[in-house]
Amino acid sequence: FMTRVWYRRHFDVPQEMRGKRILLHFGAVDFEATVWVNGELVGGHKGGYTPFALDVTELLVDGPNEVVLLAYDDTRSGRQATGKQSHQKESYGCVYTRTTGIWQTVWLEAVGETWVREFSITPDVDGQRALVQAWVDGPCSGRKLRVRVLDGESTVSYTHLTLPTIYPV
């Protein structure tokens, strides 16, 4: 049982991403992650099964960059969710082999000055509509969010909304 593991990786920002905001995505880290880029603390995340992203734009340099991650995972403590991971040395019954640290893909994403961080769509079948909620990062004033509903190749509904107000579509 390892309660702490460290990762370090060097990377260059691809030329086509330069001049944009850069998000560093982690598909999943078990269980508590702390992240540094070029020696500066960027942030962290708790939860071994959910993805997270950090805006690292201001910390990046031309040439090689360094990302360091500390993963803390005390499976046997009883103070964190472990799902079906084994609390014993070996897997048994229907429980899985333990995992600690980065266990999903890590990648960089280039976004504009303003971007949709998260969104949800809630169907209203009786009302024949859908409620779209969007969480937007970056300066929003005067920006527009465009929503288009397709049926195959045909547009069924289209609207654009001035941010930050969001209306049902």
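FYI, side chains are in, hydrogens and waters are out, and symmetry mates aren't considered; it's all heavy atoms of this structure.
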Sub-4.5 Å side-chain heavy-atom contact between T50 and H45: yes

L59-V111 co-clustered via ILVMFWY side chain contacts under 4.5 Å: no

Going by atom type alone, with no hydrogens or angles, which donor-acceptor pairs under 3.5 Å involve a side-chain atom of residues 11-27 and a protein atom two or more places apart or on another chain?
from	atom 1	to	atom 2	distance (Å)
Q15	OE1	R18	NH1	3.3
R18	NE	V13	O	3.3
R18	NH2	V13	O	3.1
R21	NE	D55	OD2	3.0
R21	NH1	E58	OE2	3.4
R21	NH2	D55	OD2	2.9
R21	NH2	E58	OE2	3.4
H25	NE2	E109	OE1	2.6

Sequence-distant partners of V5, side-chain contact (heavy atoms from CB on, under 4.5 Å), two or more places apart: M2, Y7, A71, T100

Qualifying residues under salt bridge (charged side-chain N to carboxylate O under 4.0 Å, His left out), relative to R146, sequence neighbours excluded: none

Counterpart residues, side-chain contact (heavy atoms from CB on, under 4.5 Å), relative to T114 (two or more places apart): V136, P139, R143

Flag if over 12 foreign heavy atoms under 6.0 Å of NE2, H160: no

Under the side-chain hydrogen bond (donor to acceptor under 3.5 Å, both in side chains) test, residues paired with T3 that sit two or more places apart: none

Fellow cluster residues of V68, listed by chain then number, with links counted only when side-chain atoms sit under 4.5 Å apart: W6, W36, L41, L70

Pairs touching residues 149-162 that satisfy salt bridge (charged side-chain N to carboxylate O under 4.0 Å, His left out), sequence neighbours left out: none

Partner set under side-chain contact (heavy atoms from CB on, under 4.5 Å) for T155, not counting sequence neighbours: R148, L150, Y158

Pairing residues for Q104 by the side-chain contact (heavy atoms from CB on, under 4.5 Å) criterion, not counting sequence neighbours: A28

Distance, nearest 0.5 Å, that separates CG of N38 from NE2 of H10: 8.0 Å

Separation between NZ of K144 and OG1 of T159, rounded to the nearest 0.5 Å: 9.5 Å

Side-chain donor or acceptor of D126 paired with backbone N/O of D124 under 3.5 Å: no

Nearest heavy-atom neighbours spanning V61 and P64: CG2-O, 3.5 Å

Contacts of R4 that satisfy salt bridge (charged side-chain N to carboxylate O under 4.0 Å, His left out) - sequence neighbours left out: none

Partner set under salt bridge (charged side-chain N to carboxylate O under 4.0 Å, His left out) for E40, not counting sequence neighbours: none

W115 with L54, same ILVMFWY side-chain cluster at under 4.5 Å: no

Side chain proximity check, Y72 to T34, heavy atoms < 4.5 angstrom: no

By ring-ring contact (aromatic ring centres under 6.0 Å, His included) - contacts of W135 (at least two apart): none

